[in-house]
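Below you'll find the structure, written out as C-alpha cells, and then a few comments.
Just so we're on the same page: letters track the sequence lines, and every chain starts at 1. This is a predicted model, so every value here is computed, not measured. Scope of the values below: all heavy atoms of this structure, side chains included, with no hydrogens, waters or symmetry mates.
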Amino acid sequence: GEREEPAASARTERVDLVLDYFPNADHAGIYAAIGTGEFSRAGLDVRPRTPSDPSAPLKLLASGRADLAISYEPELLLARDKGARLVSVGALVQKPLTSIISLGERAVREPGGLEGKTVGTAGIPYQDAYLKTIAEKAGIDLSSVRKIDVGFNLVPALLSKRVDAVLGAFWNVEGVELERRNRDPRILRMDEIGVPTYNELIIVAREQDVRSRGPLLRRFLRALARGHEGLRADPGTAVDELVKANPDLERGLQAAQVKATLPVFFPADRDRPFGFHDREDWRAYTRWMRDNELLENPLSSERAFTNEFLPGEGI
Amino acid sequence: MATLTMISLLIVAGLIGAWELYTHVGGVDEFLLPAPSAVAEALVEDRGLLWENFVVTAGEIGLGIGVAVALALACAVALHFSADLRRALYPLLVGSQTIPIPIVAPLLVAWLGFGLAPKLAIVALVCFFPIVVPTIDALARVDADLRKLMRSFGASRWQTFRLVEAPAALPGLFTGAKLSVAFATFAAILAEQSGSENGLGHLVAQAIPQFETARAYAAVLILSAFAVALFGLLALAERRLAPWHRPGGVLAVGERRLPVDPHR
Amino acid sequence: MATLTMISLLIVAGLIGAWELYTHVGGVDEFLLPAPSAVAEALVEDRGLLWENFVVTAGEIGLGIGVAVALALACAVALHFSADLRRALYPLLVGSQTIPIPIVAPLLVAWLGFGLAPKLAIVALVCFFPIVVPTIDALARVDADLRKLMRSFGASRWQTFRLVEAPAALPGLFTGAKLSVAFATFAAILAEQSGSENGLGHLVAQAIPQFETARAYAAVLILSAFAVALFGLLALAERRLAPWHRPGGVLAVGERRLPVDPHR
Amino acid sequence: MQTRIQAPETAPATRIEAGGVRLEGVTKAFPGRRRGADEVIALQGVSLQAAPGETVAVVGPSGCGKTTLLEIACGLIAPDGGTVDAAPAALMAQRDLLLPWAGALDNAGLALRAAGASREEAREEARPLLRDFGLEGFERARPHELSGGMRQRVAFLRTLLSGRPVLCLDEPFGALDAITRHEMQAWLAGALAREPRTVLLVTHDVEEALVLADRVLVLSPRPGHVVATLEVGAPRPRRRTDPELVALRERALQELRA
Amino acid sequence: MQTRIQAPETAPATRIEAGGVRLEGVTKAFPGRRRGADEVIALQGVSLQAAPGETVAVVGPSGCGKTTLLEIACGLIAPDGGTVDAAPAALMAQRDLLLPWAGALDNAGLALRAAGASREEAREEARPLLRDFGLEGFERARPHELSGGMRQRVAFLRTLLSGRPVLCLDEPFGALDAITRHEMQAWLAGALAREPRTVLLVTHDVEEALVLADRVLVLSPRPGHVVATLEVGAPRPRRRTDPELVALRERALQELRA
Ligand SMILES: Nc1ncnc2c1ncn2[C@@H]1O[C@H](COP(=O)(O)OP(=O)(O)OP(=O)(O)O)[C@@H](O)[C@H]1O
Ligand SMILES: Nc1ncnc2c1ncn2[C@@H]1O[C@H](COP(=O)(O)OP(=O)(O)OP(=O)(O)O)[C@@H](O)[C@H]1O
Ligand SMILES: [Mg+2]
Ligand SMILES: [Mg+2]
C-alpha cells in the first residue's frame, strides 16, 4: 500500500539533475514527467543538465554541484570503489543497452565471428573487459581481435569501414538509427552474449541525501514513475515533450527509439515498481567487475543501491 | 576588383563542385561527408533552428572575445612592465594553454554553474593566449631608441607606454585579435559540446549521433562565415586604426605609384 | 637572476600550496580537482605508463608542428606574393580554422585510418593558422621604402623577398611558431581523444571515466611542461636568430647602460 | 601627355652600360590625405637631362621636391604628368635604410646580391671599398652599432656597387664632417673619372654640387620648378677655391635666396 | 672613480631652471659583440663643462664618439669611467625618431606630453612654432609624408618644447639647405638670447658651431678625446664673416685635419 505524501508543499524545491549525456530517447520519461507537470505537482522544479562528458555527472554530484545524476551501474561501482559516497536510488533503464554493432555483408553475426576482426571501442576500460568475457564464452582467441579506441566516434568509425564492429553503442539508440537509415545493422546485446546483466542507466544521489532528504527522493521517484507510466500509455505525448524541450531532436527517430526502449524502462517482473534494482543482478555484476580487476577494494554491492524510495517500497 | 571577386568565387565554386562529385563517387558514407547540396538543403530547412542557436553561440563568441581581449591586454601590459612577473608567469601562461577542455569543463561547471559562464570561460581561455603573445612580442620590439628619447624627455615608464609603446604595438594586438576570432569559434563549439542546452555546438553534438550530418555541416558553415566576417571586420578596423605600418599601402591611396606590393 | 628564479619558484610554490589547501577545505570533490600531492603521487607511481604515452604524444606534437610550419610558411609566402590568391584563399583559411574536431575526426579516420596520420593532420590543422597570420602580417608590415630601394637595385620580386622581406618577417614567424607550440599540445590531446590506442590524450580519456583524475592531471602536467620547454626553446632560438629587433635588449649585453626595459 | 617609365630590369647587366636620364615637364602632386585637405604640389614642370656619364646636381630649399624627383627618375613613383625616360637607376635614399639584421659588409653588398651575386662574391667585392671608406674593423657591425656618418658611408657604398648605369644620390654626404666629406667627394670624383656613370646628385651643399657636377639645377621652393641651370665647365679635378666655382656659387646662392 | 648620473625626473618643472653640465674624464668603450672581436673605444677621458645658459659645441670626425657623448650627458648610457653631473637633458637624436603614426603637430608636442601636458595643450603650444618653422599646412602630415628637412625641423621643435634645462642637439640642421639652415640658426640664437638654456650642440659645420656656441670642443678621431677647446668671445648676434670667427674656423679645421 502506497501512502500519499501530503499535497505538494507551497514552496517548490529545485532539483538539478545532471543527465548522463545530451538529452535523448533514454530521457523521454524525464521530459514527460516535466512536461505533464508530474514533478511540479510533487513540488519539484527539475532542471535537466547536460554534462561535459558521461563521467562528469557523478563528479558534479559528489562535489555537491547537482542534486541527482543519471549514470551507469558500472560507473557508480567504480566511483564507490574510489571512495565516492554515492548511491543509486533507482534504475532508469533495467537492462544493458551497450552492444556490439556491425553492418551489412561484413556483419559479425555471433560472438565467434569476432575472431581476427577490428573492433572500435569507446575506450572505457570496463567495456574492454566485456570483450574478454565474450571471447572466453565464445571460445575465441582475444589476442586475434584488434581493439581501437575511437572515443565518441563509434558510428562514424563503423561507417568509415575502418572497423568491422563497434562495442559501446546502444542498441536502442545507434542500433535503431542504423536500422532506420537502412544500414542493415547486426546487433549483439551484452547480456545475450555472456556479460552479466546490469542496469544501464541509474539515478544516483549522495549518501548524505539518502539520509536527510528521503521525502524529496521519494517524491522525485514517484513523479518519475508516473512520467514513465504516461510514456508507456501514450508514447507520442512523451516524445512530444522530449522534442519540445530539445528542438534539435528528430521526432520520428526519437519515437522509434522510445518504442524500442519501452520494455527496459520497467522491471521484467510486473510486480516490481519502476526503478527497481535486482539484488542478485547487482551482486553478480559486482563480482564480475572484481574478477576482471576493475575494482580494487572488496565492495558490498548491497550498499551501492537502495530500493527504499521507490513507489511502494520502503517506509 | 571585379575580376578578383570572380576568381575567388570561381575557386569556391570549383571546390564545392569537386566536393559534390566526391560525395557521389568517392565511396564515403553520406553520414560522414554530406554533399554540399544536402548541406544547402539543411541550411534552408533548418534555418529557424540554426538561427536560434546561432544567436546563442554568437553571443558566447562575442562576449568571450571581449573578455579575452580585456584580460589579455591587462596581462600583456603587466608582463611588459615587470620582467619579474614575465619570468614568473609567462611559463604558467604557456602551460595554461595546454589544459584539455575535458579536464577543465567539469571544474568550470562546479565553480560557475551550468549557464553561460563556463562557456565564456572556455572561449576566453582559448582566445586569451593568442592575443597575449603577439602583443607582448610587439611591445618588446618597439625601437629601443624611442624609449631612450622618451626617457630624455623625462617621461615616466607609464607615459612612455601610453605615448609610444602602446600605439607602436597596436598592429601586434590586431594580429592577436584576428587570431583569437578564428579560435573563438572553435572554442565555442568545444565548450558547447562539453555540456550545454543550446547553441550551434550543441546542435552539432546532437546532430551527429542522429545522423543529421548535413545539419552539423550547415551549423559549421554558419559559424565559419561568422568567423570570416569577424576577421574581415577586424582587418578593416586595423586598416583604419593602425594604418601607419603600411606606408606603401593604404596611405598611398589615390597617389599613383608603381606597385610596391603592400598587402591591402 | 638568482633572485628572479627564486621569486618565480615562490609564486609557483604559493599557487601549489593554495591549490592543496583548496582541495582540502574548498568542498570540491577529489574527482573533480585532485590535490597536488595526489598528482605528485600519480606522477611517481605511474611514471612508466606516463613516459611511454608521453613519447607517443611528443612525437605527434613535434611532427605536427613541423608539418604545420612547413605548410604555413609555404602558404604565407604564396599569399604574400599574390594579392589574388590572398583575396581568394584567406577567407577560406579563416573558415577552415573554425572546423570542429568532432566533425573532421571521423572523416580523417575514413581517409587516413587510425594511425599517426589523422593525429598529425589535426595537430597541423590547429597549428597552421596561428603561424600563417603573424607571418603574413609581418611580411605586409615590412618598410615599403626598403621594397622601393630593392626595386631601384633591379631586384626581382623573389630577391626582395629573400634578402629583405623574409628576414624582416622572421620575428613574426617566431611569434607564430611560439603560439603554435602551445596549441599543438592542446590539439594532440583532442586528436587522441577521438580515436587512438596510446598517447597521453588517450591516457587522459581513459583516466577520466575511471575516476583516476590525479593521473589525468599528471598527464596534463607533463604535457604542459613539455609545451613550456618547447616555447622556451623557441624563444631562445628567436633570440639567437632574430636578435636585431631588440637592439636595446640582447645586443646591449655587457654594455653598461641604464635600464631601458627591453624584454629579454 | 605621355608617361614612360622604365620597368626595373630583373637581372641588370653587371657591366655598366651607358645610359642617360631625360625628364621633360615632370609634374607631381600628393593628394591631401584627408578629405578636404589641400593637395601638395611637389614638382611643377621640371625638366632635366643627363647624358650618359654626366653628373647633374640638384639643389633647392627643403621640401621643394628633390627627393620626389629622384624617385621619379628611378621609376619608383609615377609622375602625374610629363615624360620620364631613364636607364635603370639605383637610389641612395635620404634615410640610410640599412638592414638592421645585417652587418656593414653585408649591407654594403646588398645591391650586388640583388644583381645576382652570391653572398661571398658580394663580400669580396665590398670589403676593399669598406676599407677605403674608413670602416675597416666594422665589417660585422650592425647598423645600430655604427655612428650616423658610418651608416651613411655604408649606404653610399651599397649604391655604388649596384652596377646600375644611373646613380641617384640623395644627400650622400649630409651626415659627414667636413674632412671626411671632402675625402668622399674626392673618392667619388676619382671613381667617376675612371668609370663614368650617370649621376643625379641631390645636395644642400652648393660647393659640393659645383665640385662634382657638370650641371647644377637650382629648384624654387615648393612647388619645385627649375629657376636656374648652371653649367660647370671647369676642368677636373676641381678645387672649391677655383674662381669659376666661387662665382657660380654666388649665383646659385642668389637664386636660392630669391 | 665615481659615476653620478641624474635620474631623469618624472615630472620636470615646466619653468625652465638653470642647470649646467659637467663631464670629467669620461671614458666609454663598446665591447666587441662577438667573442674575440675588439672592443671599440668611443671616448677616452673627455671632459666638458657647460655653465647654466652656455652653449657648447662639439665637432669631430665621423665616428669619434660625439653621439655617445650626448647620450652620456643625457644619462641614457652609463660611462665606463669618469664623472657625469648634469641637469635633466632632452636629446635631439641624429635619426629623427618621429612617431610614424602621429602627425607633425603631435610629434612636435610629444616632449610636452611627456612633461604632463594634455594633447590639446601640447598642440596649442606647438602650433605657432610649427608655423615659424615653415611647416604650416603640414600639421597633420605623417612623417613619411614629410621631406627629410621637414622631419628634422619637427624633431628639433619637439626637443625645444621639452622644457628641460639642458638641450643636447645632435646635428640638428644636417638635413637642411643652406638658406633654411641659416634661418634656423638665427631662430635658435634668438630663442636662447630671450630664454637662456644650456645647450650641447654636435655639428659637422664648424661655422655653425662658431656662430652659436660660447665654446667649441674639437675631438680627435676615435678614440675621441679633446684636442682643442676654442673659446668664442665674439658678441652676438654673430656673422660668419666676423674676422674672429674666420680665424677660429681656420684653427678648428687645422686641428681636425691633424
Ligand atoms: N608620400 C608622400 N605623401 C604626401 N606628401 C609627400 C610625400 N612625399 C613627399 N611629400 C611632400 O612633397 C614635398 C616634397 O618632398 P621631398 O621629399 O621631395 O622634398 P625634398 O626636396 O627632398 O626636401 P628635403 O631637402 O627636406 O629632403 C613635401 O612638401 C612633402 O611634404
Ligand atoms: N651601441 C653601440 N654598440 C657598439 N658600438 C657602438 C654603439 N654606439 C656607437 N658605437 C661605436 O662608437 C663609436 C662612436 O660612435 P658615435 O655614434 O658616438 O660617433 P659620432 O661621433 O656621433 O659619429 P657621427 O658623426 O658619424 O655620427 C663608433 O665607432 C661606433 O661604431
Ligand atoms: Mg629630400
Ligand atoms: Mg653621431
Side-chain angles (χ1 to χ4, degrees), chain A residues 16-25 47-66 69 103-104 151-162 169-170 173-174 176-183 243 245-254 256-257, chain B residues 26-34 42 45-54 56 100-115 118-119 121-122 190-216 218-219:
Chain A
D16 277 328
L17 168 68
V18 194
L19 305 180
D20 57 300
Y21 193 65
F22 285 99
N24 59 57
R47 309 261 178 107
R49 304 293 195 182
T50 310
S52 55
D53 69 274
S55 69
L58 292 187
K59 295 174 183 173
L60 291 172
L61 185 64
S63 290
R65 265 43 177 198
L103 292 184
F152 291 126
N153 302 321
L154 289 167
V155 171
L158 202 54
L159 292 176
S160 75
K161 305 196 177 78
R162 293 280 177 173
F170 284 1
V173 178
E174 287 89 343
V176 168
E177 179 62 41
L178 286 163
E179 192 73 63
R180 271 171 56 87
R181 301 287 182 176
N182 301 321
R183 288 301 191 275
V243 174
N246 301 280
D248 43 10
L249 294 180
E250 289 305 298
R251 201 187 176 288
L253 172 61
Q254 300 306 318
Q257 291 176 348
Chain B
V28 170
D29 197 288
E30 59 172 312
F31 296 124
L32 283 183
L33 184 69
E45 254 174 34
D46 300 333
R47 62 186 175 281
L49 196 63
L50 287 167
W51 174 254
E52 261 168 45
N53 286 292
F54 168 70
V56 174
I101 304 291
I103 282 214
V104 278
L107 252 187
L108 289 175
V109 168
W111 285 331
L112 304 171
F114 291 94
K119 274 129 231 163
I122 289 179
L190 270 182
E192 287 179 351
Q193 284 178 336
S194 349
S196 63
E197 269 100 68
N198 43 23
L200 286 180
H202 177 85
L203 195 76
V204 169
Q206 285 281 44
I208 291 177
Q210 292 193 89
F211 286 49
E212 298 283 355
T213 321
R215 184 191 289 168

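- Contact of the Arg183(A) side chain with the Phe31(B) side chain is registered, since non-hydrogen atoms from C-beta on lie closer than 4.5 Å.
- Interface residue Leu159(A): backbone and side-chain heavy atoms are both found under 4.5 Å from chain B.
- Taken to the nearest 0.5 Å, the OG atom of Ser52(A) stands 11.0 Å off from the CD1 atom of Ile103(B).
- Glu197(B) is not listed as a side-chain neighbour of Pro48(A), based on a closest heavy-atom distance of 4.5 Å or more.
- For Gln206(B) (side chain) and Pro23(A) (main-chain N/O), a donor-acceptor pair under 3.5 Å exists by modelled atom type.
- Contacts between Pro51(A) and chain B at a heavy-atom distance below 4.5 Å involve the backbone alone (N, CA, C, O).
- The parts of Leu203(B) that come within reach of chain A are both its backbone and its side chain, each placing non-hydrogen atoms under 4.5 angstrom from that chain.
- Heavy-atom distances place no part of Leu19(A) under 4.5 Å from chain B, backbone and side chain included.
- Within the 4.5 angstrom heavy-atom criterion, no atom of Glu174(A) approaches chain B.
- Once rounded to the nearest 0.5 Å, the distance linking CD of Glu177(A) with CZ of Phe211(B) reads 5.0 Å.
- With respect to chain A, the highest number of heavy-atom pairs below 4.5 Å among Gly113(B), Ala105(B), Ala110(B) belongs to Ala110(B).
- Phe114(B) is not listed as a side-chain neighbour of Thr50(A), based on a closest heavy-atom distance of 4.5 Å or more.
- Looking at Val173(A), there are no atoms closer than 4.5 Å to chain B (heavy atoms on both sides), in backbone or side chain.
- Within the 4.5 angstrom heavy-atom criterion, no atom of Gln257(A) approaches chain B.
- For the atom pair CG (Asp53(A)) and CD1 (Ile101(B)), the distance works out to 12.0 Å, reported to the nearest 0.5 Å.
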> How far apart are the C-alpha atoms of Asp248(A) and Arg215(B), what are their side-chain angles, what is the distance that settles it, and do they pass the salt bridge (charged side-chain N to carboxylate O under 4.0 Å, His left out) test?
Replying inline: CA-CA 10 Å; Asp248(A) 43 10; Arg215(B) 184 191 289 168; over 6 Å; no

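- The backbone N or O of Glu250(A) sits less than 3.5 Å from a side-chain atom of Gln210(B), completing a donor-acceptor pair.
- Neither the backbone nor the side chain of Ser63(A) comes within contact range of chain B, judged by heavy atoms closer than 4.5 Å.
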